[in-house]
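The structure appears below as structure tokens.
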Amino acid sequence: MLLTRLARVSREVAATSARSRKIALLAELFRDADADDVPIVIPYLAGRLPQGRLGIGWKILSRPVPPASEPSLTVREVDARLTELGAVTGTGSQAERARLMGELMAAATEDEQRFLFGLISGEVRQGALDAVAVEGLAEATGAPGADVRRAVMLAGSLQTVAQALLSHGPEALDGFRLTVGRPVLPMLAHTASSVSEAVEKLGACAVEEKLDGIRVQLHRDGDDVRIYTRTLDDITDRLPELTSMARELAHTRFILDGEVIALDENGRPRSFQETAGRVGSRVDVATAAKTVPVSPVFFDALSVDGQDLLDLPFTERHAELARLVPEPMRVRRTLVDGPADLPAAERFLADTLDRGHEGVVVKALDAPYSAGRRGASWLKVKPVHTLDLVVLAAEWGHGRRTGKLSNLHLGARNPDGSFAMLGKTFKGMTDAMLAWQTERLQELAVEDNGYVVTVRPELVVEIAYDGLQKSTRYPAGVTLRFARVVRYREDKPPAEADTVGTLLAAHPEVAR
DNA sequence: TTCCGACAGTGGGGTCGCAAT
DNA sequence: ATTGCGACCCCACTATCGGAA
């Protein structure tokens, strides 16, 4: 199949907002693909590269290359070239990869170049990624959508399922079962604004500590132990202490879901930056493990002794977990019958925060494990802080925000009346706010370099954020975590905006 | 030879708008 | 009304390459 066909379909998919139409377009293309094209066409149209990392980013991609006049590239040729490119390592590899990329781009038409750019930079912007491709695949093969979705969650990969489905038909889906050693997409949580809201929604529930660490899925089959991240990357080699712990458990075949976190000598959590840095270390794992040991904390069991627990209610899965894993390695929790028990839930949240953790996750006791979904039966609750900050500048948006000032640069007041930038945010604004701030900020503009519009620091905006973290990037040495806009405060002059001093005082553990 | 800046890739994420249910 | 998905981009970290010191 020719790449130009994919480029055209991708453009058509982007042009329609109806999901049903997107699905139909993808299905038509999947039907026409040769068996050998399938493992490439499917991920391409789901906006993903089968190769994963290529070592090619925005920098290299934005070098202009004159396009070919006639389409000639086949998807298989593109895939082969990218595989070759990704395999280049060692001295001079960066330049060699850039050269190969240039060659590929030169063989592509303008349309194809645009498609490749989006694919490799990870910004396809066609309004259809994995989930829509799954529906398209279902439509193309006549298999029920729910069955295909479930198979993808269990296989952890769309390609695998697509190949089986297209070569053997819908019966092939039966082959995708929960298997120890093969990672499953983890269940995710929604956010609730308070414990009472969460408990009212869920009724009988467990309130569990939310730890600010790295999600892990632990598989053990005899002596073989594997550890996967939220995106199913294999990080077994980076967490040797977890492997030995898993081998010491009495049972020999299981899949557990949990979190790893670095704790200090008093058992209090170290900063997320320290945990993430430790888990991200690959080169000298032994030293990293010694200086920043991590502790596992499990909260769910997906499989025990060959039995698939996914469809069991949480209560029963947790009973299995408790049988498997000793108490110190299970997440702290409390059970709540419903809204009448609210005070106990609130108390648990307060205690959790006192112990230095992020918040709680409230989980319905009767819910199954919805692999790969942001299920409504898990609700996280974290305290939210707010600040009144001053807009220092704004960046021009992309995609559906093209032509709008989007990403705000936020500043807190210094004692001398100047402002210290604390970070940026593009979150929390409605289309109406986006339109309004584009106008208003242009009135305040002192400079526009085509990318950033610098403004007079006169507009105050209320910002919500989750916490403070250390920063080497910003002048105050700190930055906001997960900052989002709440509302504009035109009633408030910048001289009354929050100061760096009050911010640091509110987070003594970070300010140190 | 060693150091350091730039880039790529991965971890953590919240909120909005729209289509579909 | 509610749910699911994609889009919008953030910051910190590590690893790697390639040029400067």
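Just so we're on the same page: letters track the sequence lines, and every chain starts at 1.
- Nucleotides B/dG12 and C/dC8 are separated by 23 Å at their P atoms, to the nearest Å.
- Atom CD1 of A/I120 and atom CD1 of A/I60 lie 10.0 Å apart (nearest 0.5 Å).
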Watson-Crick and G-U pairing of DNA chain B written in dot-bracket, each distance under 3.5 angstrom, with | for inter-strand partners: ||||||.|||||.||||||||
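- Counting any heavy atom pair closer than 4.0 Å across all strands shown, A/I60 reaches sugar-phosphate atoms only and no base atom.
- Test A/L480, A/V460, A/T425, A/L503 against A/L389 for side-chain contact (heavy atoms from CB on, under 4.5 Å) and you get one pass: A/L480.
- Distance A/R481 CZ to C/dC10 C1': 11 Å, rounded to the nearest Å.
- Straight-line distance from the CG atom of A/D130 to the P atom of C/dG6: 7 Å, rounded to whole Å.
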Step by step, work out the side chain to side chain donor-acceptor pair (under 3.5 Å) result for A/R401 and A/S406. CA-CA 7 Å; A/R401 293 190 177 189; A/S406 174; 2.9 Å; yes
Kindly give the atom pairs (protein nitrogen or oxygen, nucleotide nitrogen or oxygen) under 3.5 Å for nucleotides 15-18 of chain C.
from   : atom 1 : to     : atom 2 : distance (Å)
C/dA15 : OP1    : A/R282 : N      : 2.7
C/dA15 : OP1    : A/V283 : N      : 2.9
C/dC17 : OP1    : A/G90  : N      : 3.1
C/dG18 : OP1    : A/Q94  : N      : 3.0
C/dG18 : OP1    : A/A95  : N      : 3.4
C/dG18 : OP2    : A/G92  : N      : 2.5

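- The phosphate of C/dC10 (OP1 or OP2) has no side-chain N or O of A/T425 nearer than 4.0 angstrom.
- At a threshold of 4.0 angstrom between heavy atoms, the contacts of A/Y465 with the nucleic acid are absent.
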Check: residues 18-28 of chain A side-chain donor-acceptor pairs under 3.5 Å, at least two apart:
from  : atom 1 : to     : atom 2 : distance (Å)
A/K22 : NZ     : A/V13  : O      : 3.0
A/K22 : NZ     : A/T16  : O      : 2.8
A/K22 : NZ     : A/Q126 : O      : 3.0

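- Of the N and O atoms on the side chains of A/D257 and A/Y369, at least one donor lies less than 3.5 Å from an acceptor on the other residue.
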Each nucleotide in nucleotides 15-21 of chain B should get exactly one letter: B, S or -. Can you fill that in based on protein heavy atoms under 4.0 Å? SSS-SS-
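- Between A/F482 atom CZ and C/dC11 atom P there is a gap of 12 Å when expressed in whole angstrom units.
- At a threshold of 4.0 angstrom between heavy atoms, the contacts of A/A276 with the nucleic acid are absent.
- Between A/L410 atom CG and C/dC10 atom P there is a gap of 12 Å when expressed in whole angstrom units.
- If you check every strand for non-hydrogen atoms under 4.0 Å, A/V279 touches nothing.
- Of the residues near DNA chain B, A/I120 and A/E259, the one whose nearest nucleotide (by heavy atom distance) lies more toward the 5' end is A/I120.
- A donor and an acceptor atom, one from each side chain of A/D448 and A/Q442, are nowhere located under 3.5 Å apart.
- Between A/F426 atom CZ and B/dG13 atom P there is a gap of 14 Å when expressed in whole angstrom units.
- For A/S471, counting side-chain heavy atoms from C-beta on, the closest listed nucleotide (B/dG12, C/dA12, C/dC11) is C/dA12.
- When every heavy atom of A/D466 is checked against every heavy atom of A/K382, the shortest pair comes out as OD2-NZ, 2.8 Å.
- Counting non-hydrogen atoms under 4.0 angstrom, A/D212 reaches nothing in the nucleic acid.
- Each of A/Q469 and A/A133 was assigned the nucleotide of DNA chain C with the nearest heavy atom; the assignment lying further toward the 5' end belongs to A/A133.
- Comparing B/dC7, B/dG11, C/dA7 by their closest approach to the side chain of A/I214 singles out B/dG11.
- The 12-atom threshold is not exceeded at CH2 of A/W58, counting heavy atoms of other residues, nucleotides or ligands nearer than 6.0 Å.
- Remark: A/K22 is not in phosphate contact with C/dC5, judged by side-chain N or O atoms under 4.0 Å from OP1 or OP2.
- In this structure, a donor-acceptor pair under 3.5 Å is present between the side chains of A/E274 and A/S271.
- Using a 4.0 Å cut-off, some side-chain N or O of A/Q273 falls inside it from OP1 or OP2 of C/dC13.
- Figure legend: A/K424 and A/Y474 shown without cation-pi pairing, the cationic atom not lying both under 6.0 angstrom from the six-membered ring centre and within 45 degrees of its axis.
- Side-chain rings of A/H507 and A/Y465 approach one another, their centers coming within less than 6.0 Å.
- If you find the closest nucleotide of DNA chain B to A/L61 and to A/T231, the one lying nearer the 5' end belongs to A/L61.
- With rounding to whole Å, A/K201 atom NZ is found 11 Å from C/dT3 atom C1'.
- For the side chain to side chain contact (heavy atoms under 4.5 Å, CB included) test, residues two or more places apart in sequence or in another chain that qualify with A/D111 are A/A7, A/R11, A/T109, A/R114.
- Between A/K382 and B/dG14 there is a side-chain N or O to OP1 or OP2 distance below 4.0 Å.
- Using a 4.0 Å cut-off, no side-chain N or O of A/N407 falls inside it from OP1 or OP2 of C/dC8.
- A heavy-atom distance below 4.0 Å to DNA chain C is reached by these residues of residues 387-399 of chain A, ordered by number: A/E395, A/G397, A/H398, A/G399.
- One finds no side-chain N or O of A/R230 lying less than 4.0 angstrom from the OP1 or OP2 phosphate oxygen of B/dG11.
- Rounded to an integer number of Å, the gap from CD1 of A/I463 to P of C/dC9 is 16 Å.
- Closest to the side chain of A/K424, out of C/dC8, C/dC10, B/dG14, is C/dC10.
- In this pair, A/Y228 and A/H219 present their aromatic rings perpendicular. The plane angle is above 60°, beyond the 30 to 60° band.
- Here the options are A/R330, A/R332, A/R333, the test is side chain to side chain donor-acceptor pair (under 3.5 Å), and the partner is A/E208; only A/R333 passes.
- Taking the ring axis of A/Y488 as reference, the NZ or CZ atom of A/R440 does not stay both within 45° of it and closer than 6.0 Å to the ring centre.
- We find that CG of A/D233 is positioned 14 Å from C1' of B/dG12, with the value rounded to whole Å.
- Neither side chain, A/Q469 nor A/T479, offers a donor N or O lying under 3.5 Å from an acceptor on the other.
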